[in-house]
Amino acid sequence: MPNKLLSLARPEIVAMSAYRSARSEKVQGNIWLDANENPWDHSPYNRYPEPQPYLLAFYLSQLYDVKSNQLLITRGSDEGIDLLVRLFCAAGKDQIMICPPTYGMYRVAATIQGASVVEVPLLKEQNFSLNLPKILESWEPNVKLVFLCSPNNPTGNLLSTSDILSLCKKMDGKSIVVVDEAYIEFSSNDSLAKYLKDYSNLVVLRTLSKAYGLAGIRCGVTIANENIIELLKKIIAPYPIPKPIIKIALEFLNSDVFKNQIKIIQQERSRLFNFLSELSFVKKIWESESNFLIFEASDSRIVLEACLKKGIVLRDRSSEYNLSNCIRVTIGSPTENTLLMEALRDV
Ligand SMILES: *Cc1c(COP(=O)(O)O)cnc(C)c1O
């Protein structure tokens, strides 16, 4: 099993030994003369942080119900996306597959790495579900990564678990299937991380940026087979998670305000959905399992401008594949949503 995974990664990365920073291993001691740091602790930050902060990794492994060696803490899950592309795709040779309309960073990361992109659109008429037969048909041996986003940004829907698992099975030894679960906490589904033991080519991305309200600290988690995590550790920047960030993450992870906030977001999502459905200029609105809604307006520009006049900023998605005249709106606080409704009533 590990060999199949290793043969998918770039051979030069598999062959290289990781840069060993001074603190890569747990070393016992109390006089630290190994990392050229300033010896005076006039601030709490004169020492380098742990390359992967042990305590934070422990808490995150509990939160996501995986083993500590199956996760990598990164600077946002955006860094996880970037590292995966760099690990598996040789420039000018390998490809990723995406299912538009979807999150933009998969393409950005691929372009930076010199990997090209195979597109298999989601089925708009079937609530943006995966086109599994077309994915299998379009697959080529140099497609190393298939990026799926569930719930999908910007369409808000969950992808079918059985579709994803059947894809993992079919892609065994051929491609890595990455499931980006940035919004899973707002949905009615559990994380797919529990299937890690059955599918070694499954990778799950989680983040503290959305449901946990910590977008400002840039903290994401890549969850994968331990062999993949080991390889990712070779290419991540040294000491990537700053000490203040570790402290803040630990502080807020122990709080449970988020659970209630998620409930409010879900209620507000229904309230806004019902309101939008009644508006004459809303041509179509899709059910959402995330903290945003997407709708198609008769003329998206008029709606965006009217909201902006009231200081309300929405996300224009009209230039995305299959989303002409579509606007994405994040579910705000109840007060913010009411103000949005007033602005929309006046359009
Ligand atoms: C917001 C978002 C991310 C980025 O998360 P960070 O952890 O803040 O980098 C990843 N994937 C999707 C689909 C997102 O919408």
Side-chain angles (χ1 to χ4, degrees), residues 52-53 56-57 60 63-64 71-86 96-112 117 119 122 128 130 145-159 164 176-187 189 191-193 202-224 232 236-237 240-242 245-246 248-249 252-253 258 261-262 265 269 286 288-294 313-317 320-321 323 326-332:
Q52 280 288 295
L56 184 56
L60 289 168
L63 181 67
Y64 298 140
L71 67 81
L72 183 75
I73 308 168
T74 56
R75 292 164 290 187
S77 45
D78 285 337
E79 185 178 35
I81 296 166
D82 178 60
L83 294 175
L84 286 165
V85 173
R86 286 198 281 142
I96 69 162
M97 185 181 277
I98 62 171
C99 301
T102 192
Y103 187 52
M105 281 307 295
Y106 314 134
R107 174 185 293 284
V108 170
T111 305
I112 293 170
V117 179
E119 296 189 3
L122 296 170
F128 294 108
L130 284 178
L145 294 159
V146 180
F147 280 98
L148 307 176
C149 187
S150 179
N152 185 45
N153 180 2
T155 56
N157 58 299
L158 282 164
L159 302 177
I164 296 176
I176 304 294
V177 177
V178 185
V179 184
D180 185 342
E181 295 186 333
Y183 301 98
I184 194 77
E185 293 91 344
F186 300 104
S187 82
N189 261 19
S191 169
L192 295 189
L202 171 66
V203 174
V204 172
L205 299 173
R206 302 291 299 263
T207 178
L208 300 184
S209 294
K210 307 284 160 58
Y212 280 87
L214 294 172
I217 69 169
R218 310 301 299 123
C219 194
V221 179
T222 300
I223 298 171
L232 290 172
I236 196 170
I241 315 296
I245 300 310
I246 300 170
I248 295 164
F252 282 89
L253 276 184
F258 305 112
Q261 291 176 348
I262 289 170
I265 298 282
R269 184 173 71 201
W286 286 269
S288 168
E289 296 264 1
S290 45
N291 67 337
F292 54 84
L293 285 166
I294 192 153
V313 187
L314 306 180
R315 185 87 154 128
D316 183 9
R317 295 283 77 184
E320 298 292 304
Y321 181 84
L323 293 181
C326 286
I327 297 173
R328 192 190 71 193
V329 44
T330 305
I331 313 300

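All values below come from the heavy atoms of this structure, side chains included, with hydrogens, waters and symmetry mates left out. Just follow the structure's listing: the first ligand is 1, and inside any ligand the first atom is 1. Every value quoted in this text rests on a predicted model; they were computed, and no experiment measured them.
Closest approach of L148 and Y106 over heavy atoms only: O-OH, 4.3 Å. Looking at every heavy atom in both residues, R269 comes nearest to F186 through NH1-O, 3.1 Å.
When Y106, Y183, Y103 are ranked by how near their heavy atoms come to atom 15 (O) of ligand 1, first place goes to Y183. Counting only non-hydrogen atoms, the option in K210, R218, M105 that gets closest to atom 14 (C) of ligand 1 is K210.
In summary, the atoms of ligand 1 found under 4.0 Å from a heavy atom of S209, numbered by their order in the structure, are 6 (P), 7 (O), 8 (O). Residue-ligand proximity, A182 to ligand 1, at heavy-atom distances under 4.0 Å covers atoms 11 (N), 12 (C), 14 (C). Each of the atoms 4 (C), 9 (O) of ligand 1 lies under 4.0 Å from some heavy atom of D78.
F292 pairs by the ring pair (Phe, Tyr, Trp, His ring centres under 6.0 Å) definition with Y183, not counting sequence neighbours.
Side-chain atoms of T74 come within 3.5 Å of backbone N or O of G76 as a donor-acceptor pair.
Of the protein's non-hydrogen atoms, the one nearest atom 5 (O) of ligand 1 is S77 OG, 3.1 Å.
With a 4.0 Å cut-off on non-hydrogen atoms, D180 touches ligand 1 through its side chain and not its backbone.
For the residue pair N189 / S187, no side-chain donor-acceptor distance below 3.5 Å is found, with atom types taken as modelled.
Side-chain contact between C219 and I73 is present, with heavy atoms from C-beta onward closer than 4.5 Å.
The shortest separation from a heavy atom of C149 to ligand 1 is under 4.0 Å, placing the residue in contact.
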